[in-house]
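Notes for the one structure printed next.
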Amino acid sequence: MGTFDEIREMVVINPFKWKKISQLKEVIIIKECYCPNGHSLISDQATFDGYSGILLKVRTRQKEGIIALNPVYGLKHRFSSFPLVKDELLSIKCPECGIDLPVFSPCTCGGELITLFLDKKPQFANSLLICNRVDCQHAQIRFNNEVVLYDKDGNVIFG
């Protein structure tokens with residue numbers, strides 16, 4: 001696997017999102033997540049505000065490369081080794097073993113919510129779900145099979 005020396009694209013977040021995150025009383029940072037085979041998807045090859053990113057292998061119909069996601073829940077910026085096309089569907093794999101990351105459910109956008117496990121033992125009850133459609137904002141954290149949310153006051157709640 002190559003390094004991020006080849007990264008050509010950085011999607012800059014909307015400054016209003018930074019403001020929203022800074023007003024939260026609690027911020028969720030994903031520090032561990034795994035493929036079904038137990039390989040860590042957290043890597044210091046890409047860092048976001050001092051936190052190691054979530055590294056994934058992705059494929060479109062024409063290209064294959066690496067994408068790194070911000071580990072701060074609610075911030076959607078990323079690095080990609082090739083230009084991503086809005087609304088394109090990605091095949092998402094473990095960058096170490098190449099296994100397809102499992103589908104949790106259909107997304108409301110027509111894509112699929114892909115599972116990144118929060119424990120080495122793959123359990124859907126403890127997972128981070130991301131949509132495989134480029135620029136879809138749907139993401140979800142499940143802990144003990146409850147959805148983790150921010151309430152209107154910026155507190156983490158379980159729904």
Side-chain angles (χ1 to χ4, degrees), residues 1-15 17-18 21 27-143 145-149:
M1 180 175 73
T3 65
F4 271 82
D5 294 337
E6 300 171 346
I7 293 299
R8 298 187 325 211
E9 178 181 6
M10 179 175 124
V11 177
V12 180
I13 66 156
N14 182 325
K17 287 189 179 181
W18 271 110
I21 291 295
V27 176
I28 299 170
I29 299 166
I30 306 298
K31 293 185 178 178
E32 292 185 47
C33 65
Y34 303 91
C35 82
N37 290 333
H39 298 118
S40 178
L41 301 174
I42 301 295
S43 173
D44 60 4
Q45 287 184 346
T47 59
F48 298 83
D49 300 312
Y51 298 105
S52 297
I54 300 169
L55 194 67
L56 304 168
K57 186 175 183 180
V58 295
R59 178 182 293 158
T60 66
R61 287 186 210 152
Q62 295 88 13
K63 298 177 184 172
E64 184 174 285
I66 299 294
I67 190 169
L69 305 177
N70 192 321
V72 179
Y73 188 59
L75 296 182
K76 306 292 185 183
H77 56 299
R78 63 182 181 243
F79 297 108
S80 175
S81 64
F82 62 92
L84 299 172
V85 177
K86 184 174 174 53
D87 295 328
E88 190 167 33
L89 295 174
L90 301 174
S91 170
I92 302 177
K93 303 174 178 292
C94 172
E96 189 166 333
C97 67
I99 190 171
D100 286 324
L101 298 181
V103 174
F104 179 79
S105 68
C107 183
T108 57
C109 75
E112 297 176 321
L113 291 175
I114 304 300
T115 309
L116 290 66
F117 297 105
L118 297 177
D119 301 308
K120 280 190 176 186
K121 182 179 177 186
Q123 299 177 46
F124 288 97
N126 295 316
S127 57
L128 169 64
L129 308 175
I130 60 170
C131 185
N132 70 332
R133 184 178 299 277
V134 174
D135 289 339
C136 177
Q137 299 298 305
H138 293 130
Q140 184 181 106
I141 296 175
R142 299 181 72 80
F143 186 71
N145 220 22
E146 291 190 69
V147 178
V148 180
L149 306 164

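These numbers come from the heavy atoms of this one structure, side chains and all, not from hydrogens, waters or symmetry mates.
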Under the side-chain contact (heavy atoms from CB on, under 4.5 Å) criterion, do L56 and I130 qualify, and how do the steps go?
CA-CA 11 Å; L56 304 168; I130 60 170; 3.7 Å; yes

Taking only residues two or more places apart in sequence or in another chain, which ones pass ring pair (Phe, Tyr, Trp, His ring centres under 6.0 Å) with F48?
H77, F79

Before giving the answer on side-chain contact (heavy atoms from CB on, under 4.5 Å), spell out for N37 and E96 the whole-Å C-alpha distance, their side-chain angles and the decisive distance to 0.1 Å.
CA-CA 10 Å; N37 290 333; E96 189 166 333; over 6 Å; no

Over all heavy atoms of both residues, which pair between P95 and K57 is shortest? Give the atoms and the distance, please.
CA-CB, 3.9 Å

Ignoring hydrogens and angles, write down the donor-acceptor pairs under 3.5 Å from the side chains of residues 111-125, residues two or more places apart or on other chains.
| residue | atom | partner | partner atom | Å |
| --- | --- | --- | --- | --- |
| T115 | OG1 | P102 | O | 3.3 |
| D119 | OD2 | N126 | ND2 | 3.2 |

Less than 4.5 Å apart, any side-chain heavy atom of K63 and any of V85?
no

Where do V72 and I28 land on the side-chain contact (heavy atoms from CB on, under 4.5 Å) test, with the steps shown first?
CA-CA 6 Å; V72 179; I28 299 170; over 6 Å; no

Between L101 and N132, is there a side-chain heavy-atom distance shorter than 4.5 Å?
no

Minimal heavy-atom distance between S81 and G65, with the atoms involved, is OG-CA, 3.2 Å

Identify the heavy atoms of K31 and I42 that sit nearest to each other, and give their distance.
O-CG1, 3.5 Å

How many angstroms lie between SG in C107 and CZ in R133, if you round to the nearest 0.5 Å?
8.0 Å

Sequence neighbours excluded, every pair satisfying ring pair (Phe, Tyr, Trp, His ring centres under 6.0 Å) that has a member inside residues 50-71
none

If we only count heavy atoms from C-beta on, is the E88 to Q62 side-chain gap below 4.5 Å?
yes

Using the test side chain to side chain donor-acceptor pair (under 3.5 Å), find all partners of R142 that sit at least two apart in sequence or belong to another chain.
Q140, N145

To the nearest 0.5 Å, what is the distance between CG (L90) and OG1 (T60)?
7.5 Å

What are the two closest heavy atoms between C35 and C97, and how far apart are they?
SG-SG, 3.9 Å

Considering only heavy atoms from C-beta outward, does the side chain of L41 approach that of C94 to under 4.5 Å?
yes

Got a donor-acceptor contact below 3.5 angstrom from the Y73 side chain to the A139 backbone?
yes

Would you please name every residue forming a salt bridge (charged side-chain N to carboxylate O under 4.0 Å, His left out) with D100, sequence neighbours left out?
K93

Which residues pass the salt bridge (charged side-chain N to carboxylate O under 4.0 Å, His left out) test with E32, sequence neighbours left out?
none

Under 4.5 Å between any side-chain heavy atoms of I66 and Q45, yes or no?
no

